[in-house]
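Have a look at the structure below before the remarks.
Within every chain, numbering begins at 1; the chains are lettered A, B, ... in the order of the sequence lines, protein sequences first and strands thereafter. Computed from heavy atoms alone, side chains included, the values below leave out hydrogens, waters and symmetry copies.
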Protein chains: 2
Amino acid sequence: MTVNRRCIIRLSRYKNALVRLKNLGFVKVFSDNLADAAGVNSAQVRKDFSIFGLTGNKRGGYRVDELLEELNRILGKDRVQEAVIAGVGNIGAALLQYNGFEKEGIKIRAGFEIDPSKFRERPGVSVLSLEKMGGYIRSNGIEIGIIAVPDFAAQQVLEIMVNSGIRGVLNFAPIRLRSSSSCIINSVNLVAELENVIYFTRIADKNFEDNESQNT
Amino acid sequence: MTVNRRCIIRLSRYKNALVRLKNLGFVKVFSDNLADAAGVNSAQVRKDFSIFGLTGNKRGGYRVDELLEELNRILGKDRVQEAVIAGVGNIGAALLQYNGFEKEGIKIRAGFEIDPSKFRERPGVSVLSLEKMGGYIRSNGIEIGIIAVPDFAAQQVLEIMVNSGIRGVLNFAPIRLRSSSSCIINSVNLVAELENVIYFTRIADKNFEDNESQNT
DNA sequence: GCCGTTTTGTAACTTTTTTCACAAAAAAAA
DNA sequence: TTTTTTTTGTGAAAAAAGTTACAAAACGGC
Ligand SMILES: NC(=O)c1ccc[n+]([C@@H]2O[C@H](COP(=O)([O-])OP(=O)(O)OC[C@H]3O[C@@H](n4cnc5c(N)ncnc54)[C@H](O)[C@@H]3O)[C@@H](O)[C@H]2O)c1
Ligand SMILES: NC(=O)c1ccc[n+]([C@@H]2O[C@H](COP(=O)([O-])OP(=O)(O)OC[C@H]3O[C@@H](n4cnc5c(N)ncnc54)[C@H](O)[C@@H]3O)[C@@H](O)[C@H]2O)c1
């Protein structure tokens with residue numbers, strides 16, 4: 001009944017499924033279809049919706065476009081969400097270059113580095129000195145940060161972010177970050193995800209539930 | 001009491017914490033310390049260990065090196081785990097280049113592409129034509145695959161992998177993949193992870209539990 | 001060798017999450 | 001119009017996950 005991480009991840013999945021259904025020309029959808037697309041039970045879908053007051057029609061299911069609009073609103077897509085990245089190495093650069101964020105209403109405004117060879121000032125997405133990060137976040141009112149620096153630098157980067165106004169962080173460094181409660185932190189540890197695959201592959205047991213992303 | 005995804009993710013975290021403790025010269029560790037490093041309760045740590053028969057000493061805690069060795073064994077680090085990647089775009093290239101896998105006993109042996117401009121044959125990690133993937137997997141006995149292709153290509157790539165002997169997959173495409181029970185699939189959806197951060201940032205409510213990677 | 005302290009290992013309990021199951025509404029068929 | 005079918009919305013039940021709490025073991029000091 002409460003909204004938790006997994007619930008929101010499921011909403012993202014429902015949303016993705018709805019976008020595809022819409023592109024295929026579907027007008028209505030049943031909880032069954034969404035359940036199937038998201039890999040859950042249909043009662044779960046209806047229950048998730050009931051938390052947010054999303055209702056359908058007895059027998060008629062849900063209208064794809066209405067539902068999609070509501071999910072988008074819940075997921076914060078009613079306005080562009082701006083973010084910055086610290087660390088423009090392998091992962092950071094991959095995220096900066098990814099063009100899929102744009103159509104999800106997520107805009108990465110700038111990257112920040114300590115390695116000057118990675119700097120590049122230009123329209124669109126600049127990569128600037130880490131020293132400029134705090135000021136940039138503050139003057140642009142950015143609330144979302146992505147941490148893609150080596151583990152030993154992550155906590156320090158987080159602190160700069162939080163002190164400058166960042167309220168939510170997606171972290172790729174394989175370390176537990178500590179922050180004040182004013183900032184929520186979601187960490188994605190890709191090595192752990194692979195270790196997970198390896199473990200369940202080895203025991204070849206189907207005790208496995210899909211990660212919820214995913215993500216988690 | 002059962003081994004689930006989150007439990008294995010926690011083991012990865014304990015392992016990471018132990019590596020750091022070992023490097024700092026620690027010889028013993030208490031469930032409390034690991035709990036703190038992993039962001040969980042100390043009873044959770046002991047319970048996780050009890051599932052795998054990992055025991056410590058009443059009062060003395062756990063020996064760091066023994067525990068680390070056992071966790072490494074459980075997580076499949078007793079031998080090098082080989083993997084292949086399909087799709088060497090932003091994410092695929094970031095993973096191929098990442099040198100942190102090596103010291104975790106994970107070796108990405110090759111990448112596979114449909115875009116010839118991405119091909120590069122050379123010692124170490126080659127990027128080859130997708131057409132060669134099945135044969136490569138088979139002849140090298142690879143069991144782990146990483147999918148980093150666009151969503152519309154992911155299911156098809158998965159099928160080639162599974163038919164060639166892949167038993168576990170880490171998927172980055174934001175779509176639900178379907179496979180026979182012989183292959184486990186763990187999907188990481190980075191957009192959903194960001195949407196999660198955005199959601200919980202907006203409601204500014206601390207109903208939030210950290211992703212289990214964090215996965216998870 | 002005894003006593004107080006610390007920390008494990010786990011049984012019992014609590015909380016959270018998921019699934020079941022069914023009345024009620026709506027559409028379609030008769 | 002009445003009946004049948006379908007699908008929602010939600011309590012109640014079940015299952016899963018996490019926490020509490022404490023006996024038992026082990027260490028250190030005396
Ligand atoms: N690339 C992967 O596939 C992968 C996989 C698993 C985990 N990770 C984790 O993701 C993080 C980034 O990995 P990567 O492969 O991109 O590493 P990378 O070394 O390629 O990039 C890190 C970048 O951060 C920069 N940097 C270092 N300290 C900084 C600081 N204080 N402020 C700003 N920038 C700083 C470096 O100059 C570098 O460009 C690491 O914590 C790594 O463990 C990456
Ligand atoms: N890069 C990111 O930050 C990011 C974020 C979220 C999700 N994703 C997801 O990860 C996946 C990869 O993203 P990306 O940014 O690396 O995309 P990309 O377009 O940079 O790379 C995809 C690569 O796959 C190759 N490809 C296409 N079809 C193929 C096939 N059938 N077999 C082999 N290779 C094929 C393309 O040639 C391309 O090089 C996508 O599904 C994307 O939605 C990426």
Check residues 137-151 of chain B and write down every donor-acceptor pair under 3.5 Å in which the side-chain atom is one partner and the other belongs to a residue at least two apart or another chain.
residue, atom, partner, partner atom, Å
B/Arg138, NH1, B/Asn163, O, 3.3
B/Ser139, OG, B/Gly135, O, 2.9
B/Asn140, OD1, B/Arg109, NH2, 3.3
B/Asn140, ND2, B/Tyr136, O, 2.9

task = Assign a letter to each nucleotide of nucleotides 5-12 of chain C from its 5' end: B, base within under 4.0 Å of a protein heavy atom; S, sugar-phosphate only; -, no contact.
result = BBBBBB-B
inquiry  = A quick test of your reading: do over 12 heavy atoms of other residues, nucleotides or ligands sit less than 6.0 Å from CZ of A/Phe52?
reply    = yes
message = Would you say that more than 12 heavy atoms from the other residues, nucleotides or ligands in this model lie under 6.0 Å from the NZ of A/Lys77, or not?
response = yes
To the nearest angstrom, how far is [X] atom [atom1] from [N] atom [atom2]?
X: A/Asp36; N: D/dT7; atom1: CG; atom2: P; answer: 14 Å
X: A/Phe52; N: D/dT10; atom1: CZ; atom2: C1'; answer: 17 Å
X: B/Gln44; N: C/dT14; atom1: CD; atom2: P; answer: 18 Å
X: A/Asn33; N: D/dT8; atom1: CG; atom2: P; answer: 9 Å
X: A/Asn4; N: D/dA16; atom1: CG; atom2: C1'; answer: 13 Å
X: A/Arg63; N: C/dA26; atom1: CZ; atom2: C1'; answer: 16 Å

ask   = Is any side-chain N of the basic residue among A/Glu104 and A/Lys15 closer than 4.0 Å to the acidic one's carboxylate O?
value = yes
request  = For B/Val40 and for B/Lys28, locate the closest nucleotide of DNA chain D by heavy-atom distance; then report the residue assigned to the nucleotide nearer the 5' terminus.
outcome  = B/Val40
message = Go through it in stages, so that I can follow the logic: the residues are A/Ser50 and A/Arg46, the test is side chain to side chain donor-acceptor pair (under 3.5 Å), and I'd like the CA-CA distance, side-chain angles, deciding distance and then a yes or no.
response = CA-CA 6 Å; A/Ser50 86; A/Arg46 298 196 296 275; over 6 Å; no
query = Between A/Arg202 and B/Asp78, is a salt bridge (Lys or Arg N to Asp or Glu O under 4.0 Å) present by the stated rule, with each step listed?
reply = CA-CA 12 Å; A/Arg202 279 161 62 105; B/Asp78 43 351; 3.4 Å; yes
query = Considering every strand shown, what is the Watson-Crick or G-U wobble mate of C/dA30 when both distances are under 3.5 Å?
reply = D/dT1
